[in-house]
Amino acid sequence: MKVDFLIIGQGIAGTVLSYTLMQAGQSVLVMDEYKPNSASRIAAGVINPVSGRRFTVAWQYDEIYPVAVQVYSALEQLLGVPVFKPRDIYNVLPSEQLKEAFMERTTGLSYMEDPPAEKVSAYSQWLDQPYGAAIVKGATVLLHNLLPAWRNYLKHHNSLREGSLDLSRLEISPAGVKYADISARYLVFCEGAAIVNNPWFNYIPFLLNKGEVLHVRIPGFSTPDIVKRSVSLVPQREDTYWVGATFAWEYPDEAPTMEKREILEKGLVQLLKVPYQVLDQLAAVRPSGTDRRPIMGLHPKYPALGIFNGLGTKGTSLAPAMAAEFVAHVLRNEPLQADTDIKRFFNRYKG
């Protein structure tokens, strides 16, 4: 098989990049070893313009959000499954001090508004909200629909290989790469946390962090909104919700822990006035860069090798715009942003 691009990994990065390349007329083969607890597969896919304890607007949000809407809407039409859902993010304010800080940071933003009195009243029997709430206009990417639907699409077009890449069998030349029966002009690693074991890109200082989430049922409670306080409730189906997420920089393994479950349940108890039932607990390891920016570009010594990674917790919002930037760089030699280009790590590269 001869293709323009061989992509390793089919999380949100590999999915959106392979779609973007196909839209640009490139032939693509995706190689992926299915892992049910990959970071993309347990994520809620939230797109939130305001984040962090300082309530700052997400990096380049006004530029990346329209691209995300266009790409996910197109994928929805192509795949015939729901992919993108705009949602209000109902922020329950935990104290008077944080209420003032939130209002100071967000007042005047086009995607922030005060909740109508009837919404606050409707939530009053379910949520503990003595300091009120504020609405931010966000969205979710329905990863539980998108990832398997795109995988099936790739299979149907003979563009998927199940399994992992055996690096010892990879042949690299200035003209491209060869692997088993595959020849490709470019090989791009979209392999998430596994990138730290990649011998061509392990000079990049990735920070791996482990996140844990719960799936819970709240009998009788139904809302289309994301509800956020110290934890986020993201609707899944009927009265079940994704609850997350935690962060851990040090961890012995990838298994869920009782410590993080207790943290998540403490957040639920602070938020809810009603009982809930824990249905499941999941954990995954996600990669990010030391500067919390995407990491992409071509290898300085082996330009047939590329990387598209480090999208972090903003992966669903960043992936479409960053994929477009990467494709323009590789196909048309357009420069990458300095904030995203792997050249910022070249001084660490030892050859």
Separation of [Y] [atom2] from [X] [atom1] (nearest 0.5 Å):
| X | Y | atom1 | atom2 | result |
| --- | --- | --- | --- | --- |
| Leu336 | Ile342 | CG | CD1 | 8.5 Å |
| Cys190 | Leu17 | SG | CG | 5.0 Å |
| Ile182 | Met1 | CD1 | CE | 7.0 Å |
| Arg185 | Asp4 | CZ | CG | 10.0 Å |
| Leu6 | Ser27 | CG | OG | 10.5 Å |
| Arg292 | Asp339 | CZ | CG | 14.0 Å |

Under a 4.5 Å side-chain heavy-atom rule over Ile, Leu, Val, Met, Phe, Trp and Tyr, are [X] and [Y] clustered together?
| X | Y | value |
| --- | --- | --- |
| Val71 | Met322 | yes |
| Leu233 | Leu93 | no |
| Tyr251 | Phe247 | no |
| Ile135 | Ile47 | no |
| Leu331 | Val30 | yes |

By side-chain contact (heavy atoms from CB on, under 4.5 Å) - contacts of Pro86 (at least two apart):
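side-chain contact (heavy atoms from CB on, under 4.5 Å) check on Pro86 returns Phe84.
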Just distance, no hydrogens or angles: give the donor-acceptor pairs under 3.5 Å from side chains in residues 139-148, sequence neighbours left out.
unit_1	atom_1	unit_2	atom_2	d
Thr140	OG1	Arg87	NE	2.8
Asn145	ND2	Pro82	O	3.0

Any donor-acceptor pair under 3.5 Å linking the side-chain atoms of Glu238 with those of Ser222?
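Their side chains do not contain a donor-acceptor pair, so the 3.5 Å distance test is not met.
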Please find the pair of heavy atoms, one from [X] and one from [Y], that lie closest to each other, and give the distance.
| X | Y | answer |
| --- | --- | --- |
| Ser40 | Ile12 | OG-N, 3.0 Å |
| Pro36 | Ile42 | O-CG2, 3.9 Å |
| Trp59 | Pro294 | CZ3-CD, 3.8 Å |
| Ala134 | Met112 | CB-CE, 3.7 Å |
| Gly297 | Phe326 | N-CE1, 3.7 Å |
| Ile218 | Pro275 | CG2-O, 3.9 Å |

Examine distances only and state if a side-chain atom of [X] and a backbone atom of [Y] form a donor-acceptor pair shorter than 3.5 Å.
| X | Y | value |
| --- | --- | --- |
| Ser121 | Ala117 | no |
| Arg293 | Gly289 | no |
| Arg332 | His329 | no |
| Thr15 | Gly11 | yes |
| Asn91 | Ile89 | yes |

Taking the side chain as C-beta and beyond, is there a heavy-atom pair between [X] and [Y] under 4.5 Å?
| X | Y | answer |
| --- | --- | --- |
| Asp32 | Ile8 | no |
| Leu170 | Ile172 | yes |
| Tyr123 | Val92 | no |
| Tyr302 | Val177 | no |

Glu265/Leu214 under side-chain contact (heavy atoms from CB on, under 4.5 Å): CA gap, chis, key distance, verdict:
CA-CA 9 Å; Glu265 290 206 59; Leu214 300 177; 4.0 Å; yes
Can you run down the side-chain hydrogen bond (donor to acceptor under 3.5 Å, both in side chains) pairs that involve [range], sequence neighbours left out, and say none if there aren't any?
| range | value |
| --- | --- |
| residues 65-80 | none |
| residues 127-138 | Asp88-Lys137, Tyr90-Gln129 |
| residues 206-215 | Asn209-Arg286, Glu212-Thr257, Glu212-Gln281 |

Residue list, ring pair (Phe, Tyr, Trp, His ring centres under 6.0 Å) with Tyr153, at least two apart or on another chain:
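By the ring pair (Phe, Tyr, Trp, His ring centres under 6.0 Å) rule, Tyr153 matches Trp150, His157.
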Could you list the residues that satisfy ring pair (Phe, Tyr, Trp, His ring centres under 6.0 Å) with Phe206, not counting sequence neighbours?
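Once residues adjacent in sequence are excluded, Phe206 has no partner under the ring pair (Phe, Tyr, Trp, His ring centres under 6.0 Å) criterion.
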How does the hydrophobic cluster around [X] look, that is, which other residues are in it when side-chain heavy atoms under 4.5 Å mark a link?
| X | answer |
| --- | --- |
| Leu207 | Trp249 |
| Leu279 | none |
| Ile263 | none |

When you look at Tyr276 and Tyr241, which way does the ring-ring contact (aromatic ring centres under 6.0 Å, His included) test go after all the steps?
CA-CA 10 Å; Tyr276 62 88; Tyr241 295 83; over 10 Å; no
Run Phe201 and His299 through side-chain contact (heavy atoms from CB on, under 4.5 Å) and show every step you take.
CA-CA 8 Å; Phe201 294 100; His299 194 280; 4.0 Å; yes
Check whether more than 12 heavy atoms from other residues, nucleotides or ligands sit under 6.0 Å from atom [atom1] of [X], and answer yes or no.
| X | atom1 | result |
| --- | --- | --- |
| Lys266 | NZ | no |
| Glu113 | CD | yes |
| Lys119 | NZ | yes |
| Glu104 | CD | no |

Decide yes or no on side-chain contact (heavy atoms from CB on, under 4.5 Å) for Val227 and Leu271, but give the supporting numbers first.
CA-CA 9 Å; Val227 179; Leu271 176 62; 4.0 Å; yes
All pairs passing salt bridge (charged side-chain N to carboxylate O under 4.0 Å, His left out) where residues 157-180 contributes a residue, at least two apart:
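Qualifying pairs: Arg151-Glu162, Lys155-Glu162, Arg161-Asp181.
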Kindly determine whether Glu191 and Lys35 satisfy salt bridge (charged side-chain N to carboxylate O under 4.0 Å, His left out), including the steps that lead there.
CA-CA 11 Å; Glu191 54 187 341; Lys35 186 179 178 184; over 6 Å; no
Report, one line per pair, each donor and acceptor closer than 3.5 Å where one atom sits in a side chain of residues 307-321; sequence neighbours left out.
unit_1	atom_1	unit_2	atom_2	d
Asn309	ND2	Gly192	O	3.2
Lys314	NZ	Asn48	O	3.3
Lys314	NZ	Ser51	OG	3.2
Thr316	OG1	Val46	O	3.4
Ser317	OG	Lys314	O	2.9

Check against side-chain contact (heavy atoms from CB on, under 4.5 Å), Val216 and Leu268:
CA-CA 10 Å; Val216 305; Leu268 279 173; 4.0 Å; yes
Taking the six-membered ring for Trp, are Trp126 and Phe221 parallel (under 30°), tilted (30 to 60°) or perpendicular (over 60°)?
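Tilted.
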